[in-house]
There are 2 protein chains.
Amino acid sequence: MSESASQRLAFVQNHLQMAACAAEEPKKKSPVESMTEEREKATFDVREMTYFLDGGEKNTKIREKFMMELERDPTFRMYDMYDVTKDEIRVRTMEKFRTIVHYVSAEPVPIFTMRMQTISLIDPGFWTRFGVHYGLFFGALRGSATSSQFSHWVSKGALALNGMVGCFAMTELGHGSNVAGLETTATFDEASDQFIIHTPSVTATKWWIGGAAHTATHCVCFAQLIVRGKRYGTKSFVVQLRDTHTYTLMPGVNIGDIGKKMGRDGIDNGWIQFTNVRIPRTNMLMKHTKVSRAGEVKEPPMAQLTYGALIQGRVAMVVDSGNIAKKAVTIAGRYAAVRRQFSSSPHDVQETKLIDYAIHQYRLMPLLAMAYAFHFTGVETQKLYDHLMDKLESTQPNDASMQEVLDTLKETHATSAGLKAFCTWSTLNAIEACRQTLGGHGYSAYTGLATTYNDFAVHCTWEGDNTILTLQSGRYLVSCYREALAGKTQPEGVSYLNNLASLLNLGCAVKSNEDILSFDIIQEAWNVVTANVVKKAGDDFENSIKQGLSPEAAYEECSQARLAAAKIHSFGYIFRRFAQAVKSAPEGLRPILTKVCFLYGLYSIEQNSGFFLQYRYFTPSQMDFVRAQVNVFCREVRQEYIPLIDAFNYTDYMINSPLGVYDGNVYEKYFEQVKRQNPVGGEHPYLPLIQSLLRRNIEDDEPLEDDEEDEE
Amino acid sequence: MSESASQRLAFVQNHLQMAACAAEEPKKKSPVESMTEEREKATFDVREMTYFLDGGEKNTKIREKFMMELERDPTFRMYDMYDVTKDEIRVRTMEKFRTIVHYVSAEPVPIFTMRMQTISLIDPGFWTRFGVHYGLFFGALRGSATSSQFSHWVSKGALALNGMVGCFAMTELGHGSNVAGLETTATFDEASDQFIIHTPSVTATKWWIGGAAHTATHCVCFAQLIVRGKRYGTKSFVVQLRDTHTYTLMPGVNIGDIGKKMGRDGIDNGWIQFTNVRIPRTNMLMKHTKVSRAGEVKEPPMAQLTYGALIQGRVAMVVDSGNIAKKAVTIAGRYAAVRRQFSSSPHDVQETKLIDYAIHQYRLMPLLAMAYAFHFTGVETQKLYDHLMDKLESTQPNDASMQEVLDTLKETHATSAGLKAFCTWSTLNAIEACRQTLGGHGYSAYTGLATTYNDFAVHCTWEGDNTILTLQSGRYLVSCYREALAGKTQPEGVSYLNNLASLLNLGCAVKSNEDILSFDIIQEAWNVVTANVVKKAGDDFENSIKQGLSPEAAYEECSQARLAAAKIHSFGYIFRRFAQAVKSAPEGLRPILTKVCFLYGLYSIEQNSGFFLQYRYFTPSQMDFVRAQVNVFCREVRQEYIPLIDAFNYTDYMINSPLGVYDGNVYEKYFEQVKRQNPVGGEHPYLPLIQSLLRRNIEDDEPLEDDEEDEE
């Protein structure tokens, strides 16, 4: 036998031995099989849960119709979105406008809102870009234009997006949160009956203006109204930016691109400088403040009525938080059902699913519970807002019920501010936590959560910086607390302040640890602790007042306590929303939802254990029980967590992550995705560079030898 | 007077009125003036602090030399880094190799390490890319090759990066953390005296391999050693991937690009599949396990000695955490000194600096304290590691002192694992928190922290997933606890376990609240609480054992308790490191460092108040005092926080954020940066698209009218 033949034989024998070993091993479950077995564990009807979450079968059907339409629309293709450049994504965003604009006029508002919610999950950059015109620009017209002004701009094409497209020029380089401090001026020139819009300094440059860089023909510009040398504060003006045919800039308008951002690059954010730009007087939006031909300024009786528009954006972000949290949990949850790593016993051939590790359950199950909690909170907050808007539209300033409407407005304003901050912060953290549960694969762009994080992060700072909103919410709580002390009954959201005296002295009423596991006790625990934390902020405030500080300075002094109060209040508020939803759920869903709700409540208590011990609602040993129960409920919810995720009813197209696919075939789909986006072969991107490095003459690095011998 | 002249006159009058108003206003401080006044508050010598942080004036001078060299090197230009594409950044990364390779052989290791630390701050992608060859590939040769094998690969150019460049092919698509579970096989073919390297499945595809996509000619491949049908576990083999001249792939090697990532796109991560690739037997790295010509396998006596290499990477990440935290705090801190928003009193003309708000101090000052704490922890951890390596090199397996060395190895391994996880998690959160303090501007790519976040995030999952490392650290603590109970004295890092009995029953010894403000009490508080939390994990473990569980299952049962133990242990450990550094500081620096250290300790206690109340070290009223003192120290540290930041001594070039510039001229530099990267004018990116949208025939959207009349 030749050497080569004998080599071949030995090799074949080796391989036969290996094959024999393999044959003895029990069959391992494939990723798809690993996923399938999870679905068999459901004790509830997944479809029924979807209907319940969507608010009825009809809504589910509508959402499914949207998902199909989007998935088949070539301009909404998503598989290559993680690789497109900023310039490409902006072009693609523009392409999508044509499709979606069609539906603005063709669909009733609630249906179109559902369409946009679906889009926000798939393509948040486009959602925002579209919202810049309709939510911000058109919303500003609706909220601040007189009816004849409104008709004028609609006739120019503001609704149909035909002939003009708008943007919202509020923030400046030097001012974001403090709108009253904006520097841009709108000076009334009586002689010409015009306003002169002007940017007096670098910091007055309009900044972050979505759609300004390349798209908008008009803007609603916020500027200091100056009439006859007197300042009247910030008002809004329609200013044309570009010729609507040629797209050349109007005289005195200078616009540039803000450039690369953390995410949402589909939006062409820009900066704008105005240099003595003249606009007709009637371009000032005069629903509230009016300036007459003669230069008389009439200010509105109720400035707070303009808050409505702010609330809308915040409510949308609460809803978006729930939706995005569901998406993140879907990806992380499905991967954890099929990914196997290590085995619990050295003799096991099949490795253990990530989700079967206690610590992985502890990482993921509370986030799943949070996603459910935020979902129901979003639904309720939307209702609260719709209810408020109905009231606002049906009530006239002189109606007897106006005070009640203003109270509701105040409550909704504070609630939406606090929830926007709380939900967007929590969701951002949840996205990152989910990303990390993917291990190394979470760092790939194609697995989706890196981009989700970068897109979502902006929610924490725009339309009201989260810290400032939280402080506002805390300020509202302090004022409610003071009113409650003075005997005024407080609205539902802060109703725990109505029986303050008894609540503050309430220890935990439970006889045995098991009693803790009830909606009432968990809710009471939150009420007692929230009341105490709010009281702390209120007392800090009162002490500062007693020491002679102004109310503003006193609020500043208690800002950390306000922040804590608002945060704790939000936990309790969201638990109540969740508990109410569970009670209203169909009977077949209630057992599993109760577990998920308890997990949310107990985990939140554990995370804030300091307050519960501080105010002695729970004893240390009860707190140990709570901690142990968190693990118990993690294990319980884990049993049906894939059905709970399936109930969110997001298609693979919407999830857009190979690790979150429905069938569990994660590795093949991930590999396919990577290869499709990075085909093998092709030209080497830097061959000459690497060749010259590896073939360089390293003697070049060495010094000339000291020629000592010559000197001799 | 003509109408136009009268218009002009009215306008001029208006402007004069405005100018008069402006003249009456007191002068406002510019950003630069706002920054300058902060520097005047220093009570310590900033330069002395820099020397202290750097470990002496000499080191500071070396670092400054590096910074200047890098800043002037055109291949290291950074101003446009936020806009370069993945392909461009990879080319640029390659260009940098030539410069840096030169220093590998020209500089002593400690100096070169300092150079690389500087680079890691400026360009983390390049740092990692360089580390792939020298840290991972070359490190694997050094750690696992016999001395003759090592010489062979050095002679081939592995050290000089001349003739070859390597990568580290360990992780696979299906296995990351569980290295023992890797699927790639290395089957010994006795006849040919070769190993056959093979990828048996999709999940066995080597994945995430840095440098593989386009650069590496060789890899160290981890594969299951199979000799005569028997498996010996995962060993490492040098496998050639490409022709070192033409860069064509070797037969049987298939390589692709992993593509877009969350960050660090300068690294060309790739995937590799081997299809029966033959390598000489001597390409197996045989320092530990050996396979002879006859197919005899000799396994090493002490497998744990191979841990050393793992520790090095973790220590580097602890050091990097401190450095990046300092960078993030520099940007957020400097911006907060010049950004003004709202005014505390309605009559103030000058708005208030962000940093003068209590809540902003509360957001930033603890992060500044953390950056100092991590800095000193990094220095100490590096020393611990160097000390260990010295010992390992000077001790032979049969030496009497070997057991002591192994104990130190075990301790350093566990400590570095826990610290890597704790410091990278905390720093990632700190980057995001700092980014959010920039308000909307934090979302711009040019302000730097978005990219910093994306680059840094990978630290939490690579070279040991943080959760798994934390559990390992917790496991070590449980085993130390059990040893301590059995009477064995524990090493310095866990020395609190040595007087366990007295510690567990120790309540807070302080008479008055003010006594809390001492290094000893804060340290004792941490010791008591850590001991209790470790005890909880240990007791959970023991209970499971008593119930008949295997040790592995018992560890699994107590995993949440282990996680908590490791986290709390890290807080106390880092506080001790910081306190020790303060005590060793020059006298002039001690007062301010004491404040910073107290802030770190008290803030950490507040954040974990549940444990301190649970184990009754502090009473609720003492905890209120701690909370109040956090605010007091925030205010105190705020007084000198800009000098404290200046002491980090990072140049504007290194910071690479217009909001973090030394002189405070943030707005102009930010605007300049945006304009330089996005010049005004130029071609419109999608003019035809927007024109066709705005000029579309909207009648197309309307249906054909029902032609009823024709039917008549």
Side-chain angles (χ1 to χ4, degrees), chain A residues 6-7 10-11 14 17 82-83 87 91 94 97 160 162-163 173 176-178 187 189-192 202-203 208 215 229 256-257 259-262 341-342 358-359 362 436 439-440 443 445 450 458 460-461 465 559-560 609-610 613-614 620 667 671 674 677-678 680 685-686 689-690 693-694 698, chain B residues 6-7 10-11 14 17 82-83 87 91 94 97 160 162-163 173 176-178 187 189-192 202-203 208 215 229 256-257 259-262 341-342 358-359 362 436 439-440 443 445 450 458 460-461 465 559-560 609-610 613-614 620 667 671 674 677-678 680 685-686 689-690 693-694 698:
Chain A
S6 96
Q7 274 179 18
F11 179 64
N14 247 336
Q17 268 182 304
Y82 300 125
D83 276 293
D87 293 341
V91 169
M94 223 38 240
F97 260 83
N162 197 275
L173 181 52
S177 298
N178 182 12
T187 310
D189 178 36
E190 212 176 316
S192 62
V202 170
T203 48
W208 281 121
T215 318
D257 185 353
K260 195 84 186 72
K261 301 189 295 285
M262 188 173 187
Q341 201 81 177
F342 296 108
I359 207 71
Y362 186 74
Q436 289 190 25
Y443 205 61
V458 74
C460 298
T461 46
D465 179 85
S559 50
Q560 197 206 325
S609 63
L613 293 164
Q614 173 100 22
Y667 295 116
F671 197 23
V674 166
Q677 290 305 108
N678 307 276
V680 290
Y686 47 77
L689 260 176
I690 181 83
L693 177 72
L694 292 195
I698 51 171
Chain B
S6 97
Q7 275 178 15
F11 179 64
N14 247 336
Q17 269 180 305
Y82 300 125
D83 277 293
D87 293 341
V91 169
M94 223 38 241
F97 261 86
N162 197 275
L173 181 51
S177 298
N178 182 12
T187 310
D189 177 36
E190 213 176 318
S192 62
V202 170
T203 48
W208 282 122
T215 319
D257 185 353
K260 194 84 184 76
K261 300 190 296 286
M262 187 174 188
Q341 202 79 176
F342 297 107
I359 208 71
Y362 186 74
Q436 290 190 24
Y443 206 62
V458 74
C460 297
T461 46
D465 178 85
S559 51
Q560 196 206 326
S609 63
L613 293 164
Q614 174 100 22
Y667 295 116
F671 197 22
V674 165
Q677 290 303 108
N678 307 276
V680 290
Y686 46 78
L689 260 177
I690 180 85
L693 177 71
L694 292 195
I698 51 171

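Order of the sequence lines fixes the chain letters, A, B, ..., with proteins taken first and strands second; residue numbering starts at 1 for each chain. Computed from a prediction, not measured in an experiment: that's the story for all the values here.
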Could you check which of A/V458, A/D83, A/L689 has the highest count of heavy-atom pairs closer than 4.5 Å to chain B?
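Answer, by heavy-atom pair count under 4.5 Å with chain B: A/V458.
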Quick check on [X] against chain B: is it the side chain, the backbone, both or neither that has a heavy atom closer than 4.5 Å?
| X | answer |
| --- | --- |
| A/T203 | side chain |
| A/V202 | side chain |
| A/Q677 | neither |
| A/Y82 | backbone |

Atom group of B/D257 that falls short of 4.5 Å from chain A, counting heavy atoms:
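For B/D257, the contact with chain A is made by backbone and side chain together.
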Can you name the nearest heavy-atom pair linking B/Y443 to A/W208, along with the distance?
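Minimum heavy-atom contact is C-CH2, 3.8 Å.
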Least distance between heavy atoms, A/S177 atom then B/Q341 atom
N-OE1, 3.3 Å
Closest-packed option against chain A by number of heavy-atom pairs under 4.5 Å, given [options]:
| options | answer |
| --- | --- |
| B/A160, B/S609, B/G440, B/C460 | B/G440 |
| B/Q436, B/Q614, B/K261 | B/Q614 |
| B/D87, B/D465, B/T215 | B/T215 |
| B/V680, B/I359, B/L613 | B/I359 |

Not counting sequence neighbours, which residues clear ring-ring contact (aromatic ring centres under 6.0 Å, His included) with B/F97? List them please.
B/F126, B/F130
Going by side-chain hydrogen bond (donor to acceptor under 3.5 Å, both in side chains), name the residues that satisfy it together with A/N178, two or more places apart in sequence or in a different chain.
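B/E351.
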